[in-house]
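Predicted model only: the values in this text are computed from it and were never measured.
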Protein chains: 2
Amino acid sequence: MLNGIKPIAAKSMAERVEASLREYFAKGNFKPGDPLPTELELAAALGVSRNVVREALSRFKMLGIIETKKKTGMVISNPDIVGTFQKVLTPEIMDEATLQDLFELRLVLELGIADLLFIHKTPKDIEELEDIVAREVKGDNFRINNEIAFHGKLYEMTGNETMKQFQTLLLPVFGYVMKLENKKYVSGEITHKDLVRILKKGTVQEFKDGMASHLQPHVDRLRQKK
Amino acid sequence: MLNGIKPIAAKSMAERVEASLREYFAKGNFKPGDPLPTELELAAALGVSRNVVREALSRFKMLGIIETKKKTGMVISNPDIVGTFQKVLTPEIMDEATLQDLFELRLVLELGIADLLFIHKTPKDIEELEDIVAREVKGDNFRINNEIAFHGKLYEMTGNETMKQFQTLLLPVFGYVMKLENKKYVSGEITHKDLVRILKKGTVQEFKDGMASHLQPHVDRLRQKK
DNA sequence: TTTAGTAGTTATGTTCTACATTTTAAAAGT
DNA sequence: ACTTTTAAAATGTAGAACATAACTACTAAA
């Protein structure tokens, strides 16, 4: 008969202080540049040692949510989203299931990216893509670096900064999964060159179909795996 | 003529220790569950105080990269990717451009999700979707909660845990953007009900087209905005 | 009057010590 | 052989002390 019994406060002080501060930040309507109380004041207000407060603050510093200068104190700042992501996405540490998840995530992104591309594409973008494809033909095909250059450029073209940064984050994961499963990179019937041609003169729908065909082998592998 | 001049080591000890540990983790080929040296040993090896080590470790704890138990010590574990994202994505702090970026990201995800859905769908999933749609018709249409239930279920169906968590993360952003721009939720010609029907009896291609149509108003808005 | 320099103050950065807490493992007792 | 007790080893927390950097104000020299 232990229903309803829950641990009082299983979490560590640092964790609780982190939560408190997060709430404090949210409710305080802070803008970047706004000053914060000193460590000592926070410690006193929260009833914990300065040490614990510093551990919590250290976390926010890592996320780029606060910045510190001696004597001046601490101020709120803009969090570094991508930098933070990079810190978590260490392929060496993640288990295979998570890597697989991220691989699928990347696949989904590329399958759905067509509309954004056609909204934002410029002649200059097309030129760059053509350059990339030209280099591919000269060198050896299907190399992972070509993949990175080509698909990376696509993400960049979306004009969406977050998505672009996302791509750079997902790249190592992509390579990792490829290395694990196939030892080499595969491509569908539609090549990069074809995709560029469609992007230049074709329609959105044609590009969607083209990209689907290009990525088909990967999707097929998922289907088999299931 | 100050080119090439850079600060010697502006970073704090905690930051440097964090970097060292990250390198140590990467090179050590650690798998989840592998034990780590004690705080004292790390402090000694790095030549810093235990306090600094603890601040760095605290950061890894927040990211879910390490877990600690008393006496047992610390072990490597699977980083909590989405949880970390949530910690950085405090809407109060994000600027509007980032919110817009995330909105587009969500759009792209849903436009590219079709293949995964058809790979993983089960009769039970379809039933649940039909239930959700049925409740929609009874209540008022186009409510944001219906959107959440419906699209959320789609993410869940992918069988991709990371993607599913991503959805819950992106939801508030979606609502935020909606509130900012339209004050109400809009839908294309294809309704949720139509989508469920296609998912049940149609083809992947039909579903792709259907989803594109369903989300068309949003894509159009992006096009205008540009 | 302006400038340079100097001292003092304050908040973060770092170290050290001590003790609490929890959990494992050994030791002791039945 | 089994249970209980005790000890240890690791993290968790606290507090004090000093180092360091940066801002302030005052002072002295040009």
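When each of A:T72 and A:V48 is assigned the nucleotide of DNA chain D with its nearest heavy atom, A:V48 is the one assigned upstream, toward the 5' end. Remark on DNA chain C: of its neighbouring residues B:G47 and A:P37, the 5'-side contact belongs to A:P37, judged by nearest-heavy-atom nucleotide.
Computed from coordinates, the B:E39 CD to C:dT15 C1' distance equals 15 Å when rounded to whole Å. Put simply, CD on B:E55 is 14 Å from P on D:dG12, counting in whole angstrom units. Rounding to whole angstrom units, CE of residue B:M13 and C1' of C:dT12 are separated by 14 Å. Rounded to whole Å, the distance from CG on B:L40 to C1' on D:dA8 is 14 Å. Residue B:N51 contributes atom CG, which lies 15 Å from atom P of C:dA18 at whole-angstrom precision. In this structure, CG of B:L57 is placed 9 Å from P of D:dG12, rounded to the nearest angstrom. Spacing between atom NZ of A:K70 and atom C1' of C:dT10 amounts to 12 Å, rounded to whole angstrom units. If you take CD of A:E67 and C1' of C:dT12, they are 14 Å apart, rounded to a whole angstrom.
Residue B:F60 is tested with B:F30, B:F25, B:Y24 for a ring-ring contact (aromatic ring centres under 6.0 Å, His included); the sole match is B:F25.
Applying the 4.0 Å criterion to OP1 and OP2 of D:dG12, one finds that B:K61 has a side-chain N or O inside that range. Contact check, A:R54 against C:dG13: a side-chain N or O comes under 4.0 Å of OP1 or OP2. Note on B:T68: a side-chain N or O is less than 4.0 Å away from OP1 or OP2 of D:dG12. Residue B:R50 has no polar side-chain atom (N or O) positioned under 4.0 Å from OP1 or OP2 of C:dT15.
Ring orientation note: the planes of B:F118 and B:F207 are nearly perpendicular, at an angle over 60° on the 30°/60° scale.
A salt bridge does not link A:R59 to A:E55: none of the charged nitrogens lies less than 4.0 Å from a carboxylate oxygen. B:K153 has a carboxylate O that lies under 4.0 Å from a charged side-chain N of B:E156, or vice versa, which qualifies the two as a salt bridge.
Residue B:K71 places its side chain closer to D:dA9 than to any other of C:dT15, D:dA9, D:dT11. For B:M74, the side-chain atoms get nearest to D:dT11 when compared with the rest of D:dA14, C:dT15, D:dT11.
A donor-acceptor contact closer than 3.5 angstrom links the side chains of A:D125 and A:T122.
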